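See structure below.
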Amino acid sequence: MPDPTNAEIAALLDELGDLYELDGAIVHRVLAYRNAAKAVRDATTSVAARTRAGTVTEIAGIGKTLEEKLRALVETGEIPAMTKLRAKFPPGLVEMTRLPGLGPKRARKLFDELGIDSVQALATAAQAQRLRGIKGFGPKFEESVLAAIDAGAGDAPRRRTPLHEALATAEPLLTALREHPASEKVELAGSARRWADSVKDLDIIATASDPRALAEGFAELDLLESSSGIGEAGARGRTHNGLSVDLKIVAPAQFGNLLQHFTGSKHHNVALREAAVKRGLHVSEYGILDDATGQTHHCETEQEVYEVLGIPYPEPELRENRGELSPDFQPPELVRLEDLRGDLHSHTVASDGHGTIREMATAAMQRGHEYLAITDHSASHGFGNDVSPAELRKHMAAVRRVSDELDGITLLAGSEVNILPDGSLDYDDELLEQLDWVVASVHTAFGMSGEDMTARIVRAIEHPLVDVLGHPTGRLIEQRAPYAVDMDAVIDAAARTSTFLEINSSPRRRDLSDVHARAAAAAGVKLLVDSDAHRTTTLDTQRWGIATARRAWLRPQDVANTLPLDELLALRRGGR
DNA sequence: GCCGTTTTCGGCCCGACTGTTTTCAGTCG
């Protein structure tokens, strides 16, 4: 039986929290499960392995009791308490609590008193007006719960919007607000400001000379499909692509407090407030109350908020409660887009790209790059645009010719080679040896078992002619889960063989993820932020890869393509 | 259930909104 992944364990802990909540456990106990689930999800090593090794309680949020439950899970495949609770509460009950306005307490009451155990049963009872007989429930509740069910709440949660789509929606809104005569300061907050993989909605914080005029101007924007709640405090809107936007207009003296609060993350804010309480300070979105003086600090800027608390300012990308609030936090000098000197993964018309070698090279130069690897797909790509060995030889010659002809950029003749299901590559070594640069990636047979997939990828990493593992987990944000692969083993193999790991910058991928990239860097692996561009314009996707790198706490020295080409190549195994 | 430069017991972020209440519990972000 394979070990459960961190994501699987986290999901179980979240479910256990839900079940204990229905069981009437005190809120802090439930919160402990939710915190533990987050800690597991963010853990940079295998929690199952750490459970076996007896070091799992070193993870903040996991104590003796949870260690016991994790041990049972790892050794027997189940947690006894969970089995018991699952038998006690039908799964429909947990679904009911996903309805707005219906939490665990009231769901439990409906289950106990009316036997309602599913969203369907709830709808039937509400229609028959049977809910109003229960103390604490009335006609309004019946009405709103039916409306919510009608609107599809309680179905699968709505897909979060990938960041690049969200920012493409947000940027014209921000511009329009900044151009409005009544606006003063306008900033994007929320997970979009933290450059998260995806967002639920957009939060915008503003100050204005005439708040109501700004709110009305916002509501009238053609960019919005509808709006509501227009007033001096702001307005709420919905864009044509279905994203909801909250505009909050605040007094200039509190702009910093509000921006900090609505930038989050929620976990960062909770931890921040806990830390503040220990210093006799109480943080809210409106200010910081000082117990000692009874005074409330209002902060015009976010920097002031952290200053008053005596906490070093963390960049928004770091605010996930992953160590940025620990007492020994030193703000890292995070890598920036302008630190990159080149790009080591790109495609041309030779495979499935849309630009010629020269077009891609010229576009890379225009972006200030000193080098670009041309890495078209290999022989078995399978989409009708593969490159046969004979074609590859010609292609290599063409890449080198263009490289010689252009001043100011060096092209590497490379390939993105398929990792076949058995871990072998689909060009033979004799051909690979002639390439300047080899990216190895999985493009087929995603459904393998974790054990097989891990062995497959580790074998490719161990191949002496492979320079970098491309999009290591295969995930597509909000679309496809990573393949079952033991990332500890992959990172270990990469560290052992001096193989680079890629942060593929395609905004649909951002793979490695922030958590895995951080683990890789901690293990001494060098990362590459690559565009995987398929046309000249998508060379710009490196901004998303850099966002992930920053969320992974990476500094320039962690990212190899911040180096001049000769220094980068010297880091390859054996300085090949 | 976790955790400790107040504590191994007794705390555990903060505020707003809602509907059902006669002072508030539950829910949400």
Side-chain angles (χ1 to χ4, degrees), chain A residues 13-14 16-40 56-70 79 81-82 96-110 131-145 147-148 153 189-191 199-203 205 229 231 233-234 236 244 246 248 250 254 257-258 260-289 291-292 296 305 309-310 321 325-328:
Chain A
L13 293 177
D14 270 329
L16 206 42
D18 288 342
L19 290 168
Y20 274 122
E21 198 170 28
L22 280 172
D23 204 33
I26 61 159
V27 59
H28 299 111
R29 186 163 164 225
V30 174
L31 220 55
Y33 279 93
R34 304 251 157 91
N35 283 338
K38 176 181 152 46
V40 168
V56 78
T57 54
E58 289 170 12
I59 299 173
I62 297 184
K64 269 182 89 69
T65 308
L66 273 166
E67 180 184 32
E68 267 174 47
K69 290 188 158 74
L70 290 175
I79 302 170
M82 178 112 152
M96 280 163 59
T97 65
R98 311 262 183 262
L99 292 168
L102 185 57
K105 293 272 191 347
R106 316 181 85 196
R108 176 67 194 275
K109 196 160 191 186
L110 293 173
L131 305 184
R132 62 186 65 177
I134 309 297
K135 187 173 162 65
F137 294 82
K140 278 261 173 61
F141 178 80
E142 288 172 344
E143 209 176 290
S144 66
V145 87
S191 43
V199 311
K200 190 161 69 70
D201 49 24
L202 295 173
D203 294 299
I205 314 292
R236 172 173 271 266
S244 58
D246 245 341
K248 293 184 182 18
V250 307
Q254 292 174 312
N257 300 105
L258 268 290
Q260 193 285 323
H261 174 78
F262 283 102
T263 296
S265 68
K266 183 182 161 202
H267 289 284
H268 174 84
N269 283 350
V270 169
L272 183 79
R273 289 166 180 203
E274 282 170 356
V277 167
K278 291 183 182 150
R279 300 164 199 217
L281 300 166
H282 301 271
V283 180
S284 82
E285 56 263 59
Y286 305 108
I288 303 172
L289 172 67
D291 275 343
T296 298
V305 173
L309 298 174
N321 193 25
L325 294 169
S326 88
D328 52 4

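The analysis underlying the following values was restricted to heavy atoms, covering all of them including side chains, and did not include hydrogens, waters or symmetry mates. Reminder, nothing fancy here: chain letters follow the sequence lines and each chain counts from 1. Being a predicted model, the structure only gives us computed values, none of them experimental.
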Under 3.5 Å, side chain of [X] to main-chain N/O of [Y], donor-acceptor pair present?
X        : Y        : result
A/Glu21  : A/Val27  : no
A/Asn257 : A/Glu285 : no
A/Lys38  : A/Tyr33  : no
A/Arg132 : A/Phe137 : no

Counting the atoms with a prime plus P, OP1 and OP2 as sugar-phosphate, which does [X] contact under 4.0 Å by heavy atoms, base, sugar-phosphate, or nothing?
X        : result
A/Ala60  : sugar-phosphate
A/Arg106 : sugar-phosphate
A/Val277 : sugar-phosphate
A/Ile26  : base
A/Pro139 : sugar-phosphate
A/Leu102 : sugar-phosphate
A/Lys109 : nothing
A/His261 : nothing
A/Phe262 : nothing
A/Val27  : nothing

Please state the [atom1] separation for the pair [N] and [M] - nearest whole angstrom.
N      : M      : atom1 : result
B/dT6  : B/dC12 : C1'   : 14 Å
B/dG10 : B/dT20 : P     : 39 Å
B/dG1  : B/dT5  : C1'   : 24 Å
B/dT8  : B/dC2  : C1'   : 12 Å

Starting at [atom1] of [X] and ending at [atom2] of [N], how long is that distance when rounded to a whole Å?
X        : N      : atom1 : atom2 : answer
A/Arg236 : B/dG29 : CZ    : P     : 9 Å
A/Met96  : B/dG26 : CE    : P     : 16 Å
A/Tyr286 : B/dC13 : OH    : P     : 19 Å
A/Arg273 : B/dC14 : CZ    : P     : 7 Å
A/His267 : B/dC12 : NE2   : C1'   : 15 Å
A/Glu274 : B/dC2  : CD    : P     : 15 Å
A/Phe141 : B/dT21 : CZ    : P     : 13 Å
A/Arg108 : B/dG26 : CZ    : P     : 13 Å

### Query
Hey, mind stepping through A/Arg98 and A/Asp18 against salt bridge (Lys or Arg N to Asp or Glu O under 4.0 Å) and telling me if it holds?
CA-CA 11 Å; A/Arg98 311 262 183 262; A/Asp18 288 342; 3.4 Å; yes
